[in-house]
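These notes concern the structure reproduced below.
Residue numbering restarts at 1 for every chain, and letters A, B, ... go by the order of the sequence lines.
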Number of protein chains: 2
Amino acid sequence: MINLNDTAKANLDEALANSGLRSTRQREQIYAVLLKRRDHPTADEVYARAKEVMPTISLATVYNCLETLVDCNLVKKLNYEREPSRFCPNDGEHAHFLDEANGRVYDILLPEDFQSMVSKILPRGFEAKKVKLTFTGYAPNDLDTNSL
Amino acid sequence: MINLNDTAKANLDEALANSGLRSTRQREQIYAVLLKRRDHPTADEVYARAKEVMPTISLATVYNCLETLVDCNLVKKLNYEREPSRFCPNDGEHAHFLDEANGRVYDILLPEDFQSMVSKILPRGFEAKKVKLTFTGYAPNDLDTNSL
DNA sequence: GTTGATTTTTGGAATCATTCCAATTTAGTT
DNA sequence: AACTAAATTGGAATGATTCCAAAAATCAAC
């Protein structure tokens with residue numbers, strides 16, 4: 001029914017507990033869906049995939065769970081223009097590349113010191129808590145579904 | 001009624017002509033509104049400001065004009081999460097800084113070679129047409145309404 | 001394990017920025 | 001002035017997301 005390996009499950013439970021939240025079947029399922037195919041699905045797509053295996057889950061719950069996971073810092077929410085948000089499980093700092101040809105989003109690994117490097121661009125007095133870097137263009141056409 | 005200086009008007013007319021589009025009172029007015037206060041207003045805010053001086057303009061027209069100006073590359077559309085889009089007249093490459101304290105957006109000047117610099121982060125085969133850099137955090141609290 | 005208190009889930013309604021539409025008006029041309 | 005194509009307009013439609021109140025599930029204490 002669910003499909004989370006032990007360490008992922010442990011991470012989830014810990015992150016939820018840290019925020020004083022409960023571990024539920026639905027939250028596990030949503031997290032499992034995101035880990036299984038890292039193709040930056042929208043809430044609707046997550047809903048469809050979760051339903052295959054948990055047919056009674058509701059769309060509202062999918063939104064709730066995704067928001068919870070984002071708040072716990074286990075998942076990132078991506079936005080391009082005002083298109084539907086996409087979600088990716090969080091493996092630390094990375095940029096995103098949107099392929100205009102097929103609409104896919106690829107993760108781009110960032111150098112360790114990226115945030116401090118780029119923060120030097122800021123004038124005196126600006127304190128950045130977060131930096132977001134997104135590319136748009138054409139990706140090589142021989143990549144598989146998952147990100148790099 | 002409108003309030004565009006000669007060079008701005010000339011830029012607008014040229015950009016529109018380049019795209020085979022007509023120069024209209026509404027388009028001039030919307031562009032003038034954006035140039036007058038560079039505080040990254042939403043479509044609604046642009047609508048309110050335009051209406052003060054052109055009471056019959058419609059919201060649909062504001063959306064149309066903004067889209068046209070963006071297409072002509074005279075204006076940039078900014079998005080944070082899925083909040084309403086904001087608009088800023090385009091003075092070349094710059095990043096944006098969202099102040100979490102007051103919701104204001106500041107333009108951040110970028111070094112000339114920024115795009116080529118940061119494109120080196122991309123793995124072989126990725127061709128970036130656009131790069132977007134956005135910061136979130138706290139800005140110094142003695143800045144005026146307009147951007148840097 | 002049952003009870004009670006608190007969270008979470010759920011389906012459907014509501015929201016709201018934006019887009020669409022068909023009719024009218026305007027701009028540019030002959 | 002007349003004609004054609006483009007732009008504007010108000011209102012309806014769209015669609016992702018949020019809100020709501022009721023039902024179900026979880027956790028803690030006994």
Side-chain angles (χ1 to χ4, degrees), chain A residues 1-2 9 12-33 40-48 50-51 53-72 74-75 77-87 103, chain B residues 1-2 9 12-33 40-48 50-51 53-72 74-75 77-87 103:
Chain A
M1 157 166 109
I2 300 178
K9 164 87 168 114
L12 173 61
D13 288 353
E14 190 198 338
L16 288 170
N18 281 345
S19 303
L21 299 169
R22 294 176 179 170
S23 188
T24 66
R25 286 181 306 126
Q26 288 86 343
R27 284 172 179 165
E28 283 188 38
Q29 185 58 60
I30 297 305
Y31 191 43
V33 163
H40 309 92
T42 63
D44 265 336
E45 289 165 340
V46 172
Y47 178 46
K51 231 159 117 167
V53 87
M54 186 184 275
T56 60
I57 198 170
S58 75
L59 181 56
T61 299
V62 171
Y63 274 101
N64 289 340
C65 291
L66 287 171
E67 188 187 10
T68 299
L69 294 174
V70 169
D71 289 345
C72 290
L74 289 167
V75 166
K77 177 156 87 164
L78 312 185
N79 293 96
Y80 278 97
E81 306 278 316
R82 283 184 43 95
E83 287 170 16
S85 298
R86 297 152 171 260
F87 298 87
Chain B
M1 157 165 109
I2 301 175
K9 165 86 167 117
L12 174 60
D13 288 353
E14 191 198 339
L16 288 170
N18 281 346
S19 302
L21 299 169
R22 295 176 179 170
S23 187
T24 66
R25 286 180 305 126
Q26 288 86 343
R27 285 171 179 165
E28 284 188 36
Q29 184 59 57
I30 297 306
Y31 192 42
V33 162
H40 310 92
T42 63
D44 265 336
E45 289 165 340
V46 172
Y47 179 45
K51 231 160 116 168
V53 87
M54 185 183 273
T56 60
I57 198 171
S58 75
L59 181 57
T61 299
V62 171
Y63 274 101
N64 289 340
C65 291
L66 287 170
E67 189 187 10
T68 299
L69 294 173
V70 169
D71 289 346
C72 289
L74 289 167
V75 166
K77 178 155 88 164
L78 312 185
N79 294 97
Y80 278 97
E81 305 278 317
R82 285 185 39 98
E83 289 171 13
S85 297
R86 296 150 172 259
F87 298 87

task = Write down the distance between OH (A:Y63) and P (D:dC20), rounded to a whole number of angstrom.
result = 18 Å
key: Short side-chain N/O contact from A:T24 to OP1 or OP2 of C:dT9, under 4.0 Å   = yes
inquiry  = Any base atoms under 4.0 Å from B:T68, or only sugar-phosphate, or nothing? Heavy atoms, all strands.
reply    = nothing
task = Give a yes or no answer on whether the side chain of A:R86 reaches the backbone of A:Y80 with a donor-acceptor pair at less than 3.5 Å.
result = no
task = Would you mind telling me which residue lines up with the more 5' stretch of DNA chain D, B:L21 or B:Y47, judged by nearest nucleotide?
result = B:L21
request  = For the helix from C:dG1-D:dC30 to C:dT30-D:dA1, figure out the bend between the end axes, five pairs an end, and round to 10 degrees.
outcome  = 30°
request  = In sequence, state the C-alpha distance, the side-chain angles, and the governing distance for A:C72 and A:L21, and then conclude on side chain to side chain contact (heavy atoms under 4.5 Å, CB included).
outcome  = CA-CA 9 Å; A:C72 290; A:L21 299 169; 4.2 Å; yes
message = The criterion is side-chain hydrogen bond (donor to acceptor under 3.5 Å, both in side chains); which residues satisfy it with A:T61, sequence neighbours excluded?
response = A:S58
ask   = Whole Å only: how far is the CD atom of A:Q29 from the P atom of C:dT8?
value = 18 Å
query = Between A:Q26 and D:dA25, is there a side-chain N or O to OP1/OP2 distance below 4.0 Å?
reply = no
task = Answer with base, sugar-phosphate or nothing: what part of the nucleic acid does A:T42 contact at a heavy-atom distance below 4.0 Å?
result = nothing
task = Give a yes or no on whether a donor-acceptor pair under 3.5 Å exists between the nucleobase atoms of C:dT8, that is its base, and the side chain of A:R22.
result = no
task = Tell me which nucleotide among C:dT9, D:dA16, D:dG10 gets nearest to the side chain of A:D44.
result = D:dA16
remark   = From CD of B:E67 across to P of C:dT19 the rounded distance in Å is 6 Å
ask   = Are the side chains of B:T68 and B:L16 in touch, meaning some heavy atoms are under 4.5 Å apart?
value = yes
Minimum-distance pair of heavy atoms, taken over all atoms of B:C65 and B:I30 = CB-CG1, 3.7 Å
task = Rounded to the nearest angstrom, tell me the gap between atom CG in B:N64 and atom P in C:dT25.
result = 18 Å
message = Below the 4.0 Å mark, does D:dA7 have OP1 or OP2 next to a side-chain nitrogen or oxygen of B:R27?
response = yes
request  = Mind checking B:T61 for me? I need base, sugar-phosphate or nothing, with any heavy atom below 4.0 Å counting as a touch.
outcome  = base
inquiry  = For B:T42, is there any backbone N or O sitting under 3.5 Å from a side-chain donor or acceptor partner on B:E45?
reply    = yes
inquiry  = Return whichever of B:A60 or B:S23 has its heavy-atom-nearest nucleotide of DNA chain C closer to the 5' end.
reply    = B:A60
ask   = Rounded to whole angstroms, how far apart are CG on A:L59 and P on C:dG12?
value = 12 Å
inquiry  = How many whole angstroms separate atom CG of B:L16 from atom P of D:dA6?
reply    = 14 Å
query = In whole Å, what is the span from the CZ atom of B:R25 to the P atom of D:dT8?
reply = 9 Å
request  = For B:R82 and A:R82, indicate whether the former's side chain and the latter's backbone hold a donor-acceptor pair under 3.5 Å.
outcome  = yes
query = Taking atom P of C:dT8 as reference, at what distance in whole Å does atom CG of A:D71 sit?
reply = 12 Å
key: Donor-acceptor pair, side chain of A:R27 and main chain of A:L12, under 3.5 angstrom   = no
request  = Verify the contact: side-chain N or O of B:R82 to OP1 or OP2 of D:dT17, cut-off strictly under 4.0 Å; return yes or no.
outcome  = yes
